[in-house]
Amino acid sequence: MGSATFYPAAVGDDGSVFDDPELYLDEDLYIGDDSGWYAHSFIRFPVVSIPAGSVISSCVVRLVQFNDPQWYRDATGAVVRLNVFFNAANDAVAPTITSEYTSLAKTTGIAWDGLAGWTHGVAYDTPDISAILQEVIDRPGWSDGNAVMVMIENDGSDTSANRSPDSYDAGRVSPALIVTWSAGSDGIEVPVADAHLMEHNPDFGVMSSQVPVATATLLARNPAYIWNVPLSQQGQAKVIYYCILTGANDGVDDVILPISSFQARARDGEPSYLSCVVPDSLSNEAAILARTNGEIIIQKGVRLHDGTEQMEELMRVDYEDVQIHRGAYSDSAIIGGHKTVTSSAPKEWAVSGVSFYGLQSDGKRSIRANMDLFLRPGDTCIYGNGGNDYFTVGMITYWVSAVPATFYMEVQEA
């Protein structure tokens, strides 16, 4: 768990924008309505030390009201209505003119409504804005130490209803970004839309009519309810892969190893194989060598925007060996092993996203499809709507890589 408070650091890191049009960088901030003009403010925090992949648990911006009778226009106590955004950028740059501000990309907005009069010298926090900071941290180009910028915008405030908090330039109490977070996955993660989260929902009507075996009423490893992620949450959900090296046989705890890729071959009644690439072998070699009697487990799952996870085991093997590769530009370890498992509850299962059909010289078929957690060797794989578009699975080969992003499997007939 990490927590920190971040501040603007230079003149121009915060300012206000009006529709006259003018942009002010050298006085207090204004948010709301200034005599019939909209009043927006931006606050840039130039160094935000949050690692990529972190899960934001809380976040607010704290402002301190400056009540100068000459400039503070809220004599009527009218209500201020605002929206809070982050600039949707990997390393935010503060605007210097109004047109630069109005062209900035924004995250989702969070309402900050019903602000009655503020008192001079008192600190006020925005609503929790962790969800929209998460949008920034989850961007593919985000790096620890990049800049973020908050945008607080008028959303129909009553005429001449505004708040005037201190700015960095005022030299009193600077705005503050207060954040807590937890470390993110040590595994591979991608947005739901890129990783086929829903591929496990087959059309069972086709299955029962096309396949001359029992209908799919017994499903080993049924999907949990959380796998049906609502569309409203899929934009922020992440599909994740974990590599776990167990430690019980060596008298130590299990460890989650960071991985950049893995390949696997799952068979029924014959040795299955798994190989994982672990980056930064210098940091992870000791953990690996302390668990040489363990098992390597690959889990696939989903992490929602609130940090909750649902994981399912994809496969496991007995740890057998490690190879260390260190060069001038790379450093990684490759761990691998085998395990023999025999299917005890074969079922019928439909796959999605079929992109390749193959026919071997011995007449056996193969397909390439989206990654599917619930298809196993020994199952009947349904891959189309034709009368013969099914076969018993003999082997499944998995390819998963973070860079470049690659997530698919190849299924071969028994």
Side-chain angles (χ1 to χ4, degrees), residues 188 194-196 198-216 218-221 241 259 261-277 296-298 300 312-318 320-321 323 334-402 404-414:
I188 298 171
D194 297 334
H196 318 297
M198 309 303 289
E199 73 271 8
H200 63 278
N201 291 324
D203 181 349
F204 290 109
V206 172
M207 294 170 66
S208 61
S209 62
Q210 296 289 339
V211 184
V213 293
T215 57
L218 292 176
L219 294 178
R221 308 173 66 83
Y241 293 86
I259 53 172
S261 65
F262 71 84
Q263 296 184 22
R265 294 191 301 271
R267 302 174 185 266
D268 183 18
E270 299 181 43
S272 294
Y273 173 72
L274 171 65
S275 174
C276 303
V277 178
I296 308 169
I297 303 171
I298 291 293
K300 180 184 177 184
E312 196 82 36
E313 183 176 314
L314 186 65
M315 71 177 303
R316 69 170 62 204
V317 297
D318 295 322
E320 292 178 348
D321 58 63
Q323 302 174 41
I334 301 175
I335 60 173
H338 295 80
K339 194 177 189 72
T340 300
V341 177
T342 300
S343 174
S344 60
K347 60 185 180 299
E348 303 167 7
W349 202 253
V351 297
S352 67
V354 177
S355 61
F356 170 83
Y357 300 88
L359 184 64
Q360 301 171 183
S361 59
D362 59 2
K364 293 184 177 180
R365 291 162 289 177
S366 64
I367 60 165
R368 184 171 295 176
N370 293 339
M371 290 284 293
D372 194 309
L373 264 174
F374 302 100
L375 182 71
R376 293 288 186 266
D379 290 349
T380 297
C381 173
I382 293 91
Y383 59 88
N385 294 322
N388 295 310
D389 291 346
Y390 62 90
F391 56 73
T392 300
V393 178
M395 182 173 70
I396 305 174
T397 304
Y398 302 100
W399 288 271
V400 174
S401 175
T406 306
F407 306 87
Y408 63 88
M409 66 179 185
E410 189 168 293
V411 185
Q412 296 182 25
E413 187 173 4

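Values below: every heavy atom of this structure, side chains too, minus hydrogens, waters and symmetry copies.
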Please list all pairs passing the salt bridge (charged side-chain N to carboxylate O under 4.0 Å, His left out) test where one or both residues lie in residues 385-396, with sequence neighbours left out.
none
Looking only at heavy atoms, what is the nearest atom pair of [X] and [Y], with distance?
| X | Y | answer |
| --- | --- | --- |
| Ala369 | Ser352 | CB-O, 3.3 Å |
| Pro377 | Gly394 | CB-O, 4.2 Å |
| Met371 | Tyr408 | SD-O, 3.3 Å |
| Ser272 | Ala266 | OG-CA, 3.4 Å |
| Ile259 | Tyr241 | CD1-O, 4.3 Å |

Side-chain (Lys339) to main-chain (Met315) donor-acceptor, under 3.5 angstrom:
no
So does Cys381 get a backbone contact from the side chain of Asp379, meaning a donor-acceptor N/O pair under 3.5 Å?
no
Check the pair Glu312 / Lys300 against side chain to side chain contact (heavy atoms under 4.5 Å, CB included), numbers first and verdict last.
CA-CA 5 Å; Glu312 196 82 36; Lys300 180 184 177 184; 5.8 Å; no
Run the salt bridge (charged side-chain N to carboxylate O under 4.0 Å, His left out) test against Glu410 and tell me which residues pass, sequence neighbours left out.
Arg368
Residues that Arg265 engages under salt bridge (charged side-chain N to carboxylate O under 4.0 Å, His left out), provided they are two or more places apart
none
For the atom pair [atom1] ([X]) and [atom2] ([Y]), what is the distance rounded to the nearest 0.5 Å?
| X | Y | atom1 | atom2 | result |
| --- | --- | --- | --- | --- |
| Arg267 | Thr342 | CZ | OG1 | 13.5 Å |
| Arg316 | Ile296 | CZ | CD1 | 11.5 Å |
| Ile382 | Ile367 | CD1 | CD1 | 10.0 Å |
| Glu348 | Thr392 | CD | OG1 | 10.0 Å |
| Asp372 | Met409 | CG | CE | 4.5 Å |

Parallel, tilted or perpendicular: which one describes the rings of Tyr273 and His338, with boundaries at 30° and 60°?
tilted
My understanding is that only residues two or more places apart in sequence, or in another chain, count here; which of them pass side chain to side chain donor-acceptor pair (under 3.5 Å) with [X]?
| X | answer |
| --- | --- |
| Gln412 | none |
| Asp362 | Gln360 |
| Gln263 | none |

Test of understanding: with ring pair (Phe, Tyr, Trp, His ring centres under 6.0 Å), list the residues that count as partners of Tyr383, not counting sequence neighbours.
Tyr357, Phe391
Does a side-chain heavy-atom distance below 4.5 Å link [X] with [Y]?
| X | Y | result |
| --- | --- | --- |
| Leu274 | Cys276 | yes |
| Phe262 | Leu314 | yes |
| Arg376 | Val341 | no |

Run Thr380 and Val393 through side chain to side chain contact (heavy atoms under 4.5 Å, CB included) and show every step you take.
CA-CA 6 Å; Thr380 297; Val393 178; over 6 Å; no
Sorted by chain and number, sequence neighbours left out, side-chain contact (heavy atoms from CB on, under 4.5 Å) with Val277 holds for Ser260, Ser261, Ser332, Ile334
